[in-house]
Structure formats: structure tokens, C-alpha cells
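Okay, structure first, notes after.
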Amino acid sequence: MISGFQKFLLRGNLIDLAVGVIIGAAFGGVVTAFTQGVIMPIVGIFGGVPNFDALTFSINGSIFKYGTFLTALINFLITATVIYFFVITPFTRLMERFKREEKPAVAEPTNEEKLLAEIRDAIKIRSF
């Protein structure tokens, strides 16, 4: 039973998943720092940093803090925009460049190659 547990822990997929989660958490910290330290001050130049935490309404003594939700939603949209334009788009372009370089250039066959292909096909037809 212990050896089975040890095999489970040391499987490649589990280790890869753990590394992915740790890298994802670290990357989340980098994106948050970039968003809060660079993007939000730029947004603040044009109209103030969006913070709607004080917006509330109440019904029968229950207080609904919808402003907190709006602030979180705006922060999410800004973070998603930063990730798309500063991570996804450059990564996609980089991968397309590598794919284009990997494909060998297909040259147009010469007249001699075309003639040899015709002879080959003619021989195949006659041999059956």
C-alpha cells in the first residue's frame, strides 16, 4: 500500500500539476503587481482609480454591498485585459513565428521532376 502511494506521489502528472499550480500562483502575483503598480495609476490619470466599495443599499436592515462587486469586476476586467495584451498576444505571435520557421519550404518541381513523375505513373499503370 505504501509503495502504491509512493508511486502515486512521484508520477509525472502529479509533479507537473503541482509545478503548474505554484508557477500559476507566482504568475498571478506578478500580474497583480503589474496591474496595481503600472496599469491602475495610468487609469487613475484619466479619471481616478475605480473604487466603488462604498456603494450600498439596504432592504429591511440587510445591507447589500454591490460596490464591492463592481470594484472586483472592474479589477478582473483590467487584469484580464493586461493578461491578454501583454501575455497571450505576444506568446501567440512567438509560437506562430516558430511554426512558420519549422515548416520546410516546398519548392515547385522542375520540368525534369515533372517528366520523371509522368514516366513513373505510366510505368505503374502498365505494370498492372
* To do: Can you sort out the partners of Glu112 under side-chain contact (heavy atoms from CB on, under 4.5 Å), two or more places apart, ordered by chain and number?
  => Thr110, Leu116

* Asked: Cluster partners of Phe91, using ILVMFWY side-chain heavy atoms under 4.5 angstrom, listed by chain and number?
  -> Met95

* **Ser58: side-chain contact (heavy atoms from CB on, under 4.5 Å) partners, not counting sequence neighbours** => Ile63

* Residues two or more places apart in sequence or in another chain: which of them pass ring pair (Phe, Tyr, Trp, His ring centres under 6.0 Å) with Phe86? -> Phe34

* Which heavy-atom pair separates Pro41 from Gly37 by the least distance, and what is that distance? -> CG-O, 3.4 Å

* Could you name each residue pair satisfying side-chain hydrogen bond (donor to acceptor under 3.5 Å, both in side chains) that touches residues 70-88, not counting sequence neighbours? => Asp53-Thr71

* To do: Only counting residues at least two apart or in another chain, list the ones meeting ring pair (Phe, Tyr, Trp, His ring centres under 6.0 Å) with Phe69.
  => none

* To do: Using the test side-chain contact (heavy atoms from CB on, under 4.5 Å), find all partners of Arg93 that sit at least two apart in sequence or belong to another chain.
  => Thr89

* **side chain to side chain contact (heavy atoms under 4.5 Å, CB included) assessment of Glu108 paired with Lys114** => CA-CA 10 Å; Glu108 182 70 27; Lys114 289 178 184 177; 4.0 Å; yes

* Can you list the residues that meet the side-chain contact (heavy atoms from CB on, under 4.5 Å) rule with Ile23, with sequence neighbours excluded? -> Val19

* Structure fact -> Quick note, ring-ring contact (aromatic ring centres under 6.0 Å, His included) partners involving residues 40-63, not counting sequence neighbours, are Phe57-Phe64, Phe57-Tyr66

